[in-house]
Engineer: 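Starting off with a structure, shown below.
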Amino acid sequence: MNKYIEDFPALNQEFNGHRFVYLDNAATTQKPVSVINAIDDYYRKNNANPHRGAYALSVKATELYEGAREVVRDFIGAEKSKEIVFVRNATEALNLIAFSYGLTFLNPGDEIVISIAEHHSNLVPWQQVAKAKGAELKYLYLNEEGIIPKEEIESKITSNTKIVSVTQVSNVLGTINPVKEIIEKAHSVGAIAIVDMAQSVPHMKVDVTSLDADFAVFSGHKMLAPMGIGVLYGKEALLEKMPPFLCGGDMIEYVWEQKTTFAEVPQKFEAGTQNVGGAVGLTEAIKYINKVGIETIEAIEKELTSYALEKLSEIPHITIYGTKDAAKKAGVISFNIDDVHPHDVATILDSYGIGIRTGHHCANPLMRYMQVNATCRASFYFYNTKEDIDDLANGLKNVRKWLGYGS
Ligand code: 7TS
């Protein structure tokens with residue numbers, strides 16, 4: 001056991017007669033009581049439409065919402081809170097960049113460079129925009145460890161490249177990509193660099209300013225906050241020159257019959273009533289993460305990952321994908337068991353109270369590149385324990401026996 005578990009009610013349950021072992025943290029994390037209470041408190045005492053009313057309650061809601069922006073700014077090392085745009089999730093943030101920046105500034109023949117390990121949310125929008133603008137979508141492929149090698153960065157990012165968009169941590173392999181080098185290379189050819197931080201911000205110290213990322217995106221729900229609140233970080237000068245993505249209330253300055261002038265950033269990108277309760281939850285989530293310490297979180301997960309790699313490697317008939325060096329990975333492990341469909345693995349583990357994810361993990365091109373249809377994926381957060389990993393390993397040892405194989 002570790003001291004964090006008692007803060008997470010959803011982890012203190014039993015399924016199928018076993019204590020619950022939650023190993024699907026790359027999909028979403030569980031929420032601590034402090035976050036649940038902060039949201040409850042918001043709806044009991046502080047709920048109003050922000051930015052709109054002159055009355056006390058609306059002012060309170062506005063303060064909470066704008067306060068969250070400052071908390072996020074500090075957490076990711078952005079220079080200005082106006083560079084923080086609230087969205088629903090990483091997916092919406094990436095669509096916003098693709099359809100606002102991409103549609104406006106790309107020209108026929110321009111190249112967009114992404115990696116083969118991207119989640120569909122950092123891939124499909126670029127396909128759409130490339131098609132609309134006559135641009136070309138190019139891929140950085142991975143080495144045998146599942147990491148983007150230097151040669152790919154050097155050869156694929158060229159003077160034709162206008163946008164580079166890569167994930168910092170793969171949601172399938174857990175591998176950490178050299179985003180600083182990628183950003184530097186992008187800037188050296190005059191391209192902008194976008195970093196998908198959905199799998200990194202919750203787990204490791206990230207500083208968008210020292211990375212010099214032009215845009216960064218992540219989702220609150222993968223870092224203890226509720227679903228429905230996410231973040232787009234963008235350099236002020238870029239956000240200023242981009243057209244709005246969604247139009248309507250709150251994002252305007254003046255509206256006439258035939259034209260509109262827009263609000264300043266970030267309001268220009270926050271059309272309609274915003275998710276204040278979500279922003280309150282995200283504030284509290286960041287407070288919780290800061291209390292534990294992001295370095296402590298990273299260290300706990302490194303140790304768990306290293307232990308899990310060791311335990312899983314000892315089991316016959318298991319193939320682990322990507323590097324087996326915990327130093328190069330975040331807490332995500334993809335694997336398969338010989339002759340067993342991943343869904344059968346997950347169903348058998350579920351009978352022991354263990355929750356893992358199986359399938360293509362919204363990364364079809366990566367699955368094809370790895371020549372698999374699907375994988376099993378265990379992903380950790382700081383509230384996981386070595387006992388959880390022992391349970392996973394013991395469950396996995398039984399999978400082939402359950403299905404009638406001799407060993
Ligand atoms: N980018 C990465 C790297 C992700 O892992 C995910 C979600 C997203 C973007 C999209 O995040 P969303 O909050 O907008 O959905 N990844 C996963 C996953 O691995 N399993 O479920 C969701």
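Order of listing sets the numbers, starting from 1, for every ligand and every atom in it. Remember, it's a predicted structure, so these values are computed and weren't measured experimentally.
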Engineer: Tell me whether Asp212 is salt-bridged to Lys235, with the criterion being a basic N under 4.0 Å from an acidic carboxylate O.
Structural biologist: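 Salt bridge: yes.
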Engineer: Do side-chain atoms of Lys31 reach the backbone of His221 as a donor and acceptor pair under 3.5 angstrom?
Structural biologist: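 Yes: the side chain of Lys31 pairs with the backbone of His221.
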Engineer: Side chains of Asp24 and Ser379: closer than 4.5 Å at any heavy-atom pair?
Structural biologist: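 Side chain of Asp24 against side chain of Ser379, heavy atoms only: contact under 4.5 Å found.
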Engineer: Could you check Glu145 against Lys328 for salt bridge (Lys or Arg N to Asp or Glu O under 4.0 Å), going step by step and ending with a plain yes or no?
Structural biologist: CA-CA 9 Å; Glu145 283 193 295; Lys328 296 177 181 169; 3.0 Å; yes
Engineer: Establish, from distance only, whether the side-chain atoms of Glu270 and Tyr65 form a donor-acceptor pair under 3.5 Å.
Structural biologist: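 Yes, because at least one side-chain N or O of Glu270 sits under 3.5 Å from a partner of the opposite role on Tyr65.
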Engineer: Mind checking what residues have non-hydrogen atoms under 4.0 angstrom from ligand 1?
Structural biologist: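 The 4.0 Å shell around ligand 1 contains Ala26, Ala27, Asn89, Ala90, Thr91, His119, Ser121, Thr167, Asn171, Asp196, Ala198, Gln199, Ser219, His221, Lys222, Arg357, Arg377.
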Engineer: Please work out which of the three classes, parallel, tilted or perpendicular, describes the rings of His360 and His120, given edges at 30° and 60°.
Structural biologist: tilted
